[in-house]
Q: 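Submitted below is the structure of interest, expressed as structure tokens.
One-based numbering, in listed order, for ligands and for the atoms of each.
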Amino acid sequence: MAKLWAGLTNGEINKTAEVFNSSIKVDSRMAIEDIKGSIAHADMLSHTGIISKEEGETIKNALFSIMENIENGSLKIDMSAEDIHTFIEQTLTDMIGDTGKKLHTARSRNDQVALDLRLTLKKECESEIELIKNLLKVIVKKAETYKTTVLPGYTHLQRAQPITFAHQLLAYAMMFLRDKERLLDAYKRIDVSPIGACALAGTTYNTDRFFEAEKLGFSAVAQNSIDAVSDRDFAVELMSANALIMVHLSRFSEEIILWSTKEFDFIKLSNDYSTGSSIMPQKKNPDMAELVRGKTGRVYGDLFSLLTTLKGLPLAYNKDLQEDKESVFDSVDTVKMCLEIFAGMIDSMTAKEKNMKAAAQKGFINATDLADYLVIKGIPFRDAYKLSAKAVNVATAEGYDLCTLPLSKYKEISPLIEEDVYEAISIDTAVKKRISFGGTSVESVEKQIEFVTKN
Ligand code: ARG
């Protein structure tokens, strides 16, 4: 396909250089956005009288039919074209001749590509937000199911204090809520129109950038034309929000993987989201969670790739910027896929409540509650802590846990301990009593569910 820039030269370059220079394999994904941008541009050119109304209509009608033909598959994108902008403009000119050549008045591929990328990322950011909302719904549903299911909460991966499964699940919901906010915030900066900046300096034509931005549904117009064609912060912001989404998905994945081991045995993943081993028939592997964890590195890499491309780049447009799309699209595609898979995996997972409860009964995770009991009996917390540790030692040495240690043994530790200790340190009481805001009690978890649902 002929080069749009064949002017000073005939556009012929070394064949390998031509392949190296081409971006169509990646930017053909923005075909529809490119056409929408061109339709708005033709509208603006005729609205301002830069081209005639008839010319505007001819260009627009042809662009609409190109769009339709790409969508219905009757027009195949020519992968030998330099980029999608070249392909669309060439196709237009082939259709309507010289009038098509007027479309690129008061425009450059520099503002055009920035526009296409922003339009594409607005759409992608919106669909990521929808996927996060769906994941939040799934987590809330699970939290409702397991509101009173007790398991050990961990610190240092050592059993620490009893919590409810709902409480643990909602901790992830809070992370995804923040992710949603970050995406909404990133969206604001994507939603700024660069079109009309032209190559870098603006244009001598009497254009109307605000008219064009409004046609395209942008909330704002880029203030400085040099910045408009050089800025890729918006893509970095989206990728950085994506990197954090992956941090959260990956931490959650790690727990899913641990919980589904025979050692923990806290959950059962549905067959839809587990795989087997080709050699060990007994195995059911949490591949989806592992892959999500694994893909995290790739999404970080995408972010670092663009950050590094931008570092030290002089103003305004440089061809380096062509490298932005591969990483930002990879980041978006990976995150979307992970969010979808993850929601399905969580939705179909079941908790092994008996095993969770049994684990909570071992490991002295009510030792803090014993100390708190002694505090109520009038012992200062630091001393109560030591007495509780002593009870743990005695129980360990004699093969009891704190719930089964006989009262006579307790009396040796402190005469203040009475029969009511067993009720006070039962695992269920330990959960019920944690009524502090954000804590693990049912009432507190219900408030958290309400918060996630409202936001
Ligand atoms: N394919 C190019 C990109 O993705 C389009 C812009 C080309 N502009 C130019 N001045 N060569 O960045």
Q: Examine the proximity of ligand 1 to Glu82 and report which part, side chain or backbone, both or neither, has a heavy atom under 4.0 Å away.
A: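 It is neither; nothing of Glu82 touches ligand 1.
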Q: From Leu291 CG over to Leu249 CG, what is the distance, rounded to the nearest 0.5 angstrom?
A: 12.5 Å
Q: Show the nearest heavy-atom pair for residues Gly37 and Leu115, with the distance to one decimal.
A: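 Smallest heavy-atom distance, with atoms named: CA-CD2, 3.7 Å.
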Q: Going by the atom numbers of ligand 1, which of them fall below 4.0 Å from some non-hydrogen atom of Asn110?
A: 8 (N), 9 (C), 10 (N)
Q: Show which atoms of ligand 1 fall inside a sub-4.0 Å distance from at least one heavy-atom site of Lys325.
A: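 Listed by number with element: 3 (C), 4 (O), 12 (O).
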Q: Taking the non-hydrogen atoms of Gln112, is any one of them nearer than 4.0 angstrom to ligand 1?
A: no
Q: For Asp347, is there any backbone N or O sitting under 3.5 Å from a side-chain donor or acceptor partner on Lys142?
A: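 A pair under 3.5 Å: yes.
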Q: Kindly indicate whether the side chain of Thr453, heavy atoms from C-beta on, has any atom under 4.5 Å from the side chain of Lys137.
A: no
Q: For atom 12 (O) of ligand 1, what is the closest protein heavy atom, and at what distance to 0.1 Å?
A: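 For atom 12 (O) of ligand 1, the nearest protein heavy atom is Tyr317 OH, 2.5 Å.
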Q: Can you list the ligand 1 atoms lying under 4.0 Å from a non-hydrogen atom of Ser23?
A: 1 (N)
Q: Do any nitrogen or oxygen atoms of Gln322 lie less than 3.5 angstrom from nitrogen or oxygen atoms of ligand 1?
A: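 Yes; the residue has a nitrogen or oxygen that sits under 3.5 Å from a nitrogen or oxygen of the ligand.
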Q: Could you report the tightest heavy-atom contact between Thr440 and Thr164, atom names first, then the distance?
A: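 Scanning both residues, the minimum pair turns out to be OG1-N, 2.9 Å.
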